[in-house]
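Numbers restart at 1 for each chain; the letters A, B, ... are given by sequence-line order, proteins then strands.
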2 protein chains.
Amino acid sequence: MIIKSNIQRVLRYQHCVSNFYELGFDKIYSHNLAEAVGVSPEQVRKDFSEFGIRGNKRGGYDIHQLLDTFQDIFHGKVDKRTILIGMGNIGSALVKYRGFKKKRISILAAFDIDPSKIKGTYGIPVYHFDEVDKFINENCIHTAILSVPVVSVQQVTDELVKSGIIGFLNFTPAILQVPAHVVVNNIDLYLELESLFYYIRTSEHRNINCKEDKF
Amino acid sequence: MIIKSNIQRVLRYQHCVSNFYELGFDKIYSHNLAEAVGVSPEQVRKDFSEFGIRGNKRGGYDIHQLLDTFQDIFHGKVDKRTILIGMGNIGSALVKYRGFKKKRISILAAFDIDPSKIKGTYGIPVYHFDEVDKFINENCIHTAILSVPVVSVQQVTDELVKSGIIGFLNFTPAILQVPAHVVVNNIDLYLELESLFYYIRTSEHRNINCKEDKF
DNA sequence: TTAAATTTGTGAAAAAGTTATCAAAAAGCG
DNA sequence: CGCTTTTTGATAACTTTTTCACAAATTTAA
Ligand SMILES: NC(=O)c1ccc[n+]([C@@H]2O[C@H](COP(=O)([O-])OP(=O)(O)OC[C@H]3O[C@@H](n4cnc5c(N)ncnc54)[C@H](O)[C@@H]3O)[C@@H](O)[C@H]2O)c1
Ligand SMILES: NC(=O)c1ccc[n+]([C@@H]2O[C@H](COP(=O)([O-])OP(=O)(O)OC[C@H]3O[C@@H](n4cnc5c(N)ncnc54)[C@H](O)[C@@H]3O)[C@@H](O)[C@H]2O)c1
């Protein structure tokens, strides 16, 4: 199986190749992509070979061909659909964001248990969580974004797994217990912030004008 | 230098140890933490040894002692302060979130260039970005959260680095160019979603009731 | 007190991931 | 055309990270 960081790097290369395409280029070299994405050229070639992407010796990679291949790999011509559970702070920020549409990702609907959220207008329909099973099966949904309070996330997850969800984007700090075939991508903002503080505390480059050692 | 994933795992152990403490336990074993966090017991012990945390053979780890040690490592008794740049969808979700306060992390102020954001009420002061340098130096800020549009993030970053910021939490899809001593933690929600779709497409566990192959 | 059971800590082994090396292909050029 | 330069692709070397294995310590219990 191709590992997550490999996939994510290739998605970054894709973005970079699109930029080159927009600028009118026809070919691109591993060192171009490496520089733009902040990895080594060898890494780029390794990543490409993992996906069976071949270039031309001395000729680099053909941009049009690359873009086609990326479209195949990531189903670029297919709309990707998901649902969101918990229309709170994070949930409504995600729903309002326009950037996913450009990448052909749609949050089809949101689900909550708070009647005020269900009545609200957010640009997408917001239903009661009781209706999620019906919606998943009627619309053939495989993934869900979890932005509910941490206390209820495991129960919500269990029900979604029962309804057929096999991929989660989890914004809660909980470590979800799921069957082996279910994938969970965790976004733990607290861990990201706290680890950042850890690094800056141990850094020798802190602002020398600071009298006290504040963080 | 201790790596990020090591730090983040230990933060998860901390959370789990706190739960055990709340439940009235006095000691905890590597296998308890392993199970809760979803890693191997050996990993727990290796992680601990990296931070110089020692347990007792056959006696496990003393919970009170562990919690004290975690407080030392992560400066649990010190308020950690940061600022936020870009009071948009994501920015205001973060500012509204109450969970960081409990962990003694405060977003002291936000900065924007849109006058309507600067006039708005968000619970924390929102200043014009022109004032960020003064604020950073007067308040001894080392870290910043970036939730501005991707087109302006590099320029914003350059200015913040000049003002002394050495740690970023970057919500934009841009790969930031920063000096070597500056740490950037990236949260790329598009990459997380797209890699999830990649996995579920290649999974054999997709809902069999789906006639068409929708994603 | 001795034996049995359990759990840590660590060094070795294995696995995973990244970087270096270099032959081969292709392009440019005199 | 033949020589030089560039760049890929494959493999080897290296590095990092995780897992394994087991001695040492400590507790429990007989
Ligand atoms: N907002 C942030 O910046 C932030 C940062 C870090 C972590 N998180 C995590 O993200 C999650 C969401 O945070 P938030 O700030 O958006 O919270 P929030 O309280 O604003 O939103 C949670 C939403 O979930 C709904 N909900 C509650 N129980 C539900 C259930 N059983 N089924 C369906 N919906 C339910 C609530 O009605 C609410 O609308 C939390 O777990 C939080 O820990 C958020
Ligand atoms: N909202 C999401 O769900 C989401 C998802 C993925 C990625 N992102 C990324 O996060 C970033 C923010 O997204 P958003 O949806 O919150 O955007 P947004 O447009 O809602 O907010 C951006 C804010 O930044 C301010 N701003 C613009 N230029 C600025 C400058 N030079 N200095 C200071 N402030 C400035 C704007 O006035 C606005 O308030 C974007 O880069 C976006 O690509 C957001």
* Out of dG9(D), dT26(D), dT6(D), whichever nucleotide has its closest atom nearest the side chain of Y61(A) -> dG9(D)
* Regarding K103(A) and the six-membered ring of Y190(B), is the cationic atom NZ or CZ under 6.0 Å from the ring centre and inside 45° of its axis? -> yes
* To do: Give a yes/no on whether any side-chain N or O of S49(B) is located under 4.0 angstrom from OP1 or OP2 of dG9(C).
  => no
* R45(A) side chain near dG9(D) phosphate (N/O to OP1/OP2, under 4.0 Å) -> no
* Where do D62(A) and K27(A) land on the salt bridge (Lys or Arg N to Asp or Glu O under 4.0 Å) test, with the steps shown first? -> CA-CA 5 Å; D62(A) 179 83; K27(A) 47 188 189 176; over 6 Å; no
* Rounded interatomic separation in angstrom, taking NZ from K46(A) and C1' from dG17(C) -> 9 Å
* Which part of the nucleic acid, if any, lies within reach of S5(A) when heavy atoms closer than 4.0 Å are counted: base, sugar-phosphate only, or nothing? -> nothing
* Nearest to side-chain heavy atoms of R58(A), which nucleotide of dG9(C), dT8(D), dA27(C) -> dA27(C)
* Classify the angle between the aromatic ring planes of Y97(B) and F100(B) as parallel (below 30°), tilted (30 to 60°) or perpendicular (above 60°). => perpendicular
* Specify the separation, in whole Å, of atom CZ of R9(B) and atom C1' of dT16(D). => 12 Å
* S40(B) or K27(B): which one's nearest nucleotide on DNA chain D is closer to the 5' end? -> S40(B)
* **Protein-nucleotide distance (M1(A), atom CE; dA15(C), atom C1'), rounded to Å** => 15 Å
* Separation of atom CD in E42(B) from atom C1' in dG11(C), rounded to whole Å -> 14 Å
* Asked: What are the two closest heavy atoms between L191(A) and Q8(B), and how far apart are they?
  -> O-NE2, 3.4 Å
* Starting at atom CZ of R54(B), determine the distance to atom C1' of dA24(D), rounded to an integer number of angstrom. => 12 Å
* To do: Remember a base hit wins even if backbone is also touched, and classify F48(A) as base, sugar-phosphate or nothing at under 4.0 Å, heavy atoms.
  => nothing
* May I have the distance from I3(B) (atom CD1) to dT18(C) (atom P), rounded to whole angstrom? => 12 Å
* Asked: If only side-chain N and O atoms of S30(B) are considered, is one of them under 4.0 Å from the OP1 or OP2 phosphate oxygen of dT8(C)?
  -> yes
* Can the ring centroids of F135(A) and F111(A) be said to lie less than 6.0 angstrom from one another? -> yes
* In whole angstroms, how far is the P atom of dT8(C) from the OH atom of Y29(B)? -> 8 Å
* Interatomic distance where CG belongs to N6(A) and P belongs to dG17(C) [whole Å] -> 9 Å
